[in-house]
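A short write-up of the structure that comes next.
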Amino acid sequence: MSAQQIRLEKENHARDADFNKALHGKTATAVGGFSSMLSKDKDAKKLAVDEYFKHFDNKSAATETDADREARTAEYATLTKHYYNLATDLYEYGWGQSFHFCRFSPGEPFYQAIARHEHFLAANIGIKPGMKVLDVGCGVGGPAREIAKFTDAHITGLNNNDYQIDRATHYAVKEGLSGQLKFVKGDFMQMSFPDNSFDAVYAIEATVHAPKLAGVYGEIYRVLKPGGVFGVYEWLMTDEYDSKNLEHRDIRLAIEEGNGISNMVTISEGLGAMKEVGFELLHHEDLAARPDALPWFWPIAGELRYMQSYLDFFSVVRMTHTARGLVHAFTGFLELVGLAPKGTKKTADALAKGADGLVAGARKGLFTPMYLMVGRKPAN
C-alpha cells in the first residue's frame, strides 16, 4: 500500500510554526526537562491537551469502536504532533535525549546501553563514513548525534514536531555537529525528498506513529537509493496478541494513549508491510525475546535491583512508582496554584499509564519495542 492510497493529513508548516512559538516560546534553547515543562503558554497548552486527549478521554478497550480508531488514524499527524508538544519535556526529564528503549548487559551503565542499541542498528544497516543517511522520526536528535559520531555519516533527521526540531538543532550546535546533521520538518507519510535521495535509512521506535506501516515504509523505499538498506526498531504487538481478549486490548490501548499511537499492529503485519512495499528482508528478529539477564523494561518498571551503576540511580529513580506519584502530586499542586499550565499532570498520568501498559505487555509476551527489521531496496 502506497502513501497515496492512505488518507493523509494536509500539511501546514506555517500554522505549526506559529503554534510552536505560542506554546513553547524560547524554551527550545533552555536546559529542558521539568523547568521547561512549567514555562509553556497556558492557552496553547490547553489546546494541545484538548486536541490530544479527545481521542482517548472516556474511551476504554471494552467500548472502543472501529470508528474511534479510524478517527485517530485520520488525524495521525496532529495526534503525534500534539503528543510530543506535551511529552517532550517529560521525556527529557525522565529518560534522556534518546527517546527509545534498549537491551542491557551486566555491568553496563544505562546511557552506555542506550548508545549500544543505536550502534547495533547502524552496524546492521552497514552505515559507513560519508554516507547520506535519513533518520525517520528523529526526536530531539539523540540517536542522530550518536550515530553521526559513531559512523562519520551525514544524518538528516525528519520530524513533524517543530519544538523537537528546534531542540535537536540546538543540541547539534552545542556538540559541534551542525555540519554533519540537518533536521527537516515533514510528515513521514508524505516526504518532500526526491526519489533515491539517501544511501541508508533508519527509524528507531518512531514509525509506530504511522496510520499504516506500509505507507511510511513505502515512502522510505522511495527515497532510498537502489541497493540501499533500511533498518528499523519497530513497536509491535507480538503474534500472541488476541484482539478478542479484553485484557490484551486494555494493554494495547494503554500503550497507545500513553505514547501517542493511533493504531499499533502485530509483528506479522509489520513484516508484511516491509515485503509489500518491495524490501528484500535481510534480517528480522524480536530483540526483546533474547535471553538477556536484565529485562529491557526494568527502568520503566522502576526495578532498581537491576541497576548496574550507582549513577543509574539518578537516571532511573524518577521512573519508580513512588517517585512518579510524588512528581504527579507536585505537578497537580503547581497546577492548582497556577504555577504550571493545566494539563501537565494529565499528561504525566497518561505517560505513566503508558509505561504500565508497556511493562504489562512485556511481562505477558504481548509487546516488543525492538522488533528489528533490516531490508534492502533491490539494485535493479
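Predicted model only: the values in this text are computed from it and were never measured.
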With sequence neighbours excluded, what pairs up with [X] under the ring-ring contact (aromatic ring centres under 6.0 Å, His included) test?
| X | result |
| --- | --- |
| His119 | Phe150 |
| Phe101 | Trp95, Trp296 |
| Phe188 | none |

Just wondering, are more than 12 heavy atoms of other shown residues or ligands nearer than 6.0 Å to [atom1] in [X]?
| X | atom1 | value |
| --- | --- | --- |
| Lys182 | NZ | no |
| Asp57 | CG | yes |
| Lys174 | NZ | no |

Between the side chains of [X] and [Y], is a donor N or O closer than 3.5 angstrom to an acceptor N or O?
| X | Y | answer |
| --- | --- | --- |
| Glu234 | Tyr217 | yes |
| His284 | Tyr371 | yes |
| Thr368 | Asp286 | yes |
| Trp298 | Glu303 | no |
| His13 | Asp162 | no |
| Thr65 | Asp68 | yes |

Worksheet item: What pairs with Glu240 under side-chain hydrogen bond (donor to acceptor under 3.5 Å, both in side chains), at least two apart in sequence or on another chain?
Response: none

Worksheet entry | Full working for side-chain contact (heavy atoms from CB on, under 4.5 Å) between Tyr241 and Phe367 | CA-CA 8 Å; Tyr241 173 79; Phe367 167 78; over 6 Å; no

Item to complete: Quick one: name the residues clustered hydrophobically with Val173, using the 4.5 Å side-chain heavy-atom rule over I, L, V, M, F, W, Y, and just say none if it's on its own.
Response: none

Worksheet item: By the rule that ILVMFWY residues connect when side-chain heavy atoms come within less than 4.5 angstrom, directly or transitively, which residues belong alongside Phe19?
Response: Leu23, Leu47

Worksheet item: Yes or no on side-chain contact (heavy atoms from CB on, under 4.5 Å) for Val133 and Ile147, after CA distance, side-chain angles and deciding distance?
Response: CA-CA 10 Å; Val133 180; Ile147 290 174; 5.9 Å; no

Worksheet item: Do the two ring centres, one from Phe104 and one from Tyr306, sit under 6.0 Å apart?
Response: no

Practice prompt. Taking the six-membered ring for Trp and the full ring for Phe, Tyr or His, determine whether the centres of Tyr221 and Phe230 are under 6.0 Å apart.
Written response: no

Worksheet item: So is Lys40 actually on top of Tyr163's ring, under 6.0 Å and inside 45° of the axis?
Response: yes

